[in-house]
Protein chains: 2
Amino acid sequence: MTTILDLARISGLSKSTVSRVLNHHPHVSQESKEKVEKAIQQIGYKRNARGVHLRKKQNQLIGLLVPTVDHPYFSQLISALSEACRQSGYETVIYQSDFQPSEERYVYDKLAQQEMDALVVTHTLLSEQEIKELVGNRIVIICNEQAPGNLFDVFSVDEEQAIFDATTHLLKQGRTRLLLCMDYEQTPLQQKRLCGFKHALKDAGITYSPDMKRNGVMTIDDGLRLGDTLFQTEDYPDGLLTGSDFVAMGLLHSARKHSVNIPTDVSIMGFDNHSIGRASIPLLTTVDYPLQTIAKDVAKALALRVHQNEMPPRRKLYKATLVIRETT
Amino acid sequence: MTTILDLARISGLSKSTVSRVLNHHPHVSQESKEKVEKAIQQIGYKRNARGVHLRKKQNQLIGLLVPTVDHPYFSQLISALSEACRQSGYETVIYQSDFQPSEERYVYDKLAQQEMDALVVTHTLLSEQEIKELVGNRIVIICNEQAPGNLFDVFSVDEEQAIFDATTHLLKQGRTRLLLCMDYEQTPLQQKRLCGFKHALKDAGITYSPDMKRNGVMTIDDGLRLGDTLFQTEDYPDGLLTGSDFVAMGLLHSARKHSVNIPTDVSIMGFDNHSIGRASIPLLTTVDYPLQTIAKDVAKALALRVHQNEMPPRRKLYKATLVIRETT
DNA sequence: CTGTTAGCGCGTTCAG
DNA sequence: CTGAACGCGCTAACAG
């Protein structure tokens, strides 16, 4: 491998002048520039990023913590965030926690060890305090996960309102025996959703009971299984609220298999506004949120903090909207 | 930020002994270990990865080049590859080329500049020679993209055979007016598929004509649009081969909308064996391949080459299998 | 078992 | 406008 020292020798200039040319500094003579350019061509020089990273104490890398990439919600999020970061000059490294706190801690440790300039957290089982303790003064931004925002910037959808609206929509159609499908109940996000759900029920004068929620439902297959359990009984719910369009697709399929008519017998509400909802029969009612906008705001905040991290944490909520189609 | 020099001062040892403790070298006294451990606790030392990377000329980072992450095939691939790499001690940074050669070149340049230890290419518009020219002796592995394998390791599904089998399956059911849906025809992978398609047709005594293929079909919405075009005419094809289960879902939906019966009027073949195919009506016939196995083999090859890159390139083909359900 | 010494490749003062 | 010198934080000979 060749270095800027080789360039210096060949061009007859010093290391520093070569560096200046490489970094397009303003005050270098045209002559020097040309000499260096020629030397670069001559020996096929390639800059060594690792030297730069050490010297500049930056590596233009953003960590992205997700539970799993193989889920339409997270793959959309990764796509948007990754693109937005790249536009701000940062590449994205993916960390999958697989819902394990131990894996999460591992990632925070990587951040503390400066494997990346900042970390975007999209799902966590730890509290802000716990995270803070692990990462110290390094940069963390929380995206679409519920958190108080006392210690870190938080950009997220108002999940409570989203589920409130969705629930209210079902209630207005006369549905009363509702079921809320969640993935991991103990996460703050799911707690918020449960809150919105209870709130809407209360407003409608319906008393909430714990069997109106279901835990561990996240994939198409989960939806299929849940539907098969539900629809083989006689007193299945008449309104199903899911946390993902894919779960809704599973439920829809199962309903049809059991000759349960959608939406006559049961209403189904998706979540995420994935394109699959435009190819389902009947077309899927779902919840949409401004993912692109969120991603851009996160990338902006990231760039800002990398440069200057002494601001107090910010918090921004985004409004979700119902996309009413045929399953409700 | 504290450094190993601080640890050395506090523990009364030298930099090197501290480094040895940190890296769990065999020959260090219990006493030294304890001194260093104590110093670490005392000042809350965290290793600076960037120093290590420069010194070791490695950063335990694997690039993963995909056209887009927001596609079920690629998000599955990323998930599997990312997990397999992590098990080999490598993290994964995602590069989305968005089907732009310019973006691709940008990534190869990053590799040449040692932003990562190696690159896994899952889709490319450049030839092996062109890539080689850009990356020099740095490590590239091609995964599930067709390539001769003269210059790089190639691990991929036998796409030609896969489409040959799928086509033959349709032909055996008496389908004769077939249509092959592809994304970007000019990629080597699509060329291989087209090959398998033609081959099967020839074996059945059917002459291939260019209107038996369709370009630019990749998403659910593409499938919906294509179906709407197809099914509004009278002489639509009676066998549809797709490159993705999602495209198949779009076609399926459109068929139903136009009162075209599946599989009576038209057979539809998916690709990828995504779980969505288990929630479609009718259940989707599709093509399955051993993604986990491929990912593990890629990760192994990666680790091998990082350590010793002087082997000749290897090539391994994996067999795809038909999953026959109800749409054919 | 430990300390000394030398870089890894680069950007950036500070003089001139 | 340019060069000399320094150091980012760490590992790895080599000698003892």
Side-chain angles (χ1 to χ4, degrees), chain A residues 1-37 39-40 43-61 109-117 136 138 306, chain B residues 1-37 39-40 43-61 110-117 136 138 306-307:
Chain A
M1 286 294 107
T2 58
T3 74
I4 54 171
L5 216 75
D6 298 316
L7 292 182
R9 266 195 284 273
I10 293 177
S11 61
L13 294 164
S14 76
K15 241 174 49 148
S16 2
T17 303
V18 172
S19 171
R20 287 188 189 102
V21 174
L22 257 28
N23 292 289
H24 305 102
H25 276 215
H27 304 302
V28 272
S29 69
Q30 189 58 33
E31 198 190 335
S32 297
K33 274 186 204 168
E34 281 163 12
K35 276 184 188 166
V36 173
E37 301 291 359
I40 291 175
I43 60 174
Y45 167 82
K46 286 287 175 188
R47 184 187 71 130
N48 182 324
R50 297 197 259 258
V52 181
H53 295 332
L54 174 59
R55 179 61 233 235
K56 307 233 285 202
K57 298 172 186 291
Q58 287 190 19
N59 55 9
Q60 305 299 110
L61 226 51
D109 202 44
K110 290 267 190 189
L111 177 64
Q113 296 182 18
Q114 318 201 29
E115 298 265 357
M116 49 211 148
D117 292 344
R138 312 237 53 230
V306 167
Chain B
M1 287 293 107
T2 58
T3 74
I4 56 171
L5 218 74
D6 298 315
L7 292 182
R9 266 195 283 274
I10 293 177
S11 60
L13 294 164
S14 76
K15 247 175 42 154
S16 9
T17 304
V18 172
S19 171
R20 287 186 190 106
V21 173
L22 256 30
N23 292 289
H24 306 103
H25 277 213
H27 306 301
V28 270
S29 69
Q30 190 57 34
E31 198 190 333
S32 297
K33 274 185 204 169
E34 281 163 12
K35 277 185 189 164
V36 174
E37 301 289 1
I40 291 175
I43 61 174
Y45 167 82
K46 286 287 175 187
R47 185 187 70 131
N48 182 323
R50 299 197 260 256
V52 180
H53 294 161
L54 174 58
R55 180 61 232 235
K56 308 232 285 203
K57 299 170 185 291
Q58 287 190 21
N59 56 8
Q60 305 300 109
L61 225 51
K110 289 266 189 189
L111 177 64
Q113 296 182 19
Q114 318 202 28
E115 298 265 357
M116 49 214 150
D117 292 343
R138 311 236 56 228
V306 167
H307 195 248

Between [N] and [X], is there an OP1 or OP2 to side-chain N/O distance shorter than 4.0 Å?
| X | N | answer |
| --- | --- | --- |
| B:Asn48 | D:dC8 | no |
| B:Thr3 | D:dG9 | no |
| A:Tyr45 | C:dC10 | yes |

Any donor-acceptor pair under 3.5 Å from [X] side chain to [Y] backbone:
| X | Y | result |
| --- | --- | --- |
| A:Asn59 | A:Glu115 | yes |
| B:Asp117 | B:Gln58 | no |
| B:Arg50 | A:Gln114 | yes |

Just how far, in rounded Å, is [atom2] of [N] from [atom1] of [X]?
| X | N | atom1 | atom2 | result |
| --- | --- | --- | --- | --- |
| A:Leu5 | D:dG3 | CG | P | 13 Å |
| A:Met1 | C:dC10 | CE | C1' | 16 Å |
| A:Leu22 | C:dG9 | CG | C1' | 12 Å |
| A:Gln113 | D:dC10 | CD | C1' | 13 Å |
| B:Gln30 | C:dT2 | CD | P | 11 Å |
| A:Ile4 | D:dC8 | CD1 | C1' | 14 Å |
| A:Lys56 | C:dT13 | NZ | P | 12 Å |
| A:Asn23 | C:dT13 | CG | P | 13 Å |

Which one, [options], comes nearest to the side chain of [X]?
| X | options | value |
| --- | --- | --- |
| A:Lys15 | C:dT5, D:dG3, D:dC6 | D:dC6 |
| A:Ser16 | D:dA5, D:dG7, C:dG3 | D:dA5 |
| B:His27 | C:dC1, D:dA4, C:dC10 | C:dC1 |
| A:His25 | C:dG9, D:dA12, C:dT12 | C:dT12 |
| A:Ser32 | D:dA4, D:dT2, C:dC10 | D:dT2 |
| B:Ser14 | C:dC1, C:dG3, D:dG3 | C:dG3 |
| B:Ser29 | D:dG9, D:dG7, C:dC1 | C:dC1 |

NA contact type, B:Arg47, heavy-atom cut-off 4.0 Å: base, sugar-phosphate, or nothing?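 Sugar-phosphate contact only - B:Arg47 comes under 4.0 Å of backbone atoms but never of a base.
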Would you mind classifying the nucleic acid contact of A:Lys57 as base, sugar-phosphate or nothing, using non-hydrogen atoms under 4.0 angstrom?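 Sugar-phosphate contact only - A:Lys57 comes under 4.0 Å of backbone atoms but never of a base.
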Nearest nucleotide by nearest heavy atom, which residue falls closer to the 5' end of DNA chain D, A:Glu31 or A:Leu54?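 Checking each residue's closest nucleotide, the 5'-ward one belongs to A:Glu31.
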side-chain contact (heavy atoms from CB on, under 4.5 Å), that's the test. Do A:Lys57 and B:Met1 meet it? Break it down for me. CA-CA 11 Å; A:Lys57 298 172 186 291; B:Met1 287 293 107; over 6 Å; no
Would you say the side chain of A:Ile40 lies within less than 4.5 Å of the side chain of A:Leu22, judging by non-hydrogen atoms?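 A:Leu22 reaches A:Ile40 side chain to side chain.
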For A:Thr2 and A:Arg20, take the nucleotide of DNA chain C holding the closest heavy atom to each; which residue's nucleotide lies nearer the 5' end?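 Between the two, 5'-proximity favours A:Thr2.
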Salt bridge or not between B:Lys35 and B:Glu31? Use side-chain N to carboxylate O under 4.0 Å.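 A salt bridge links B:Lys35 with B:Glu31.
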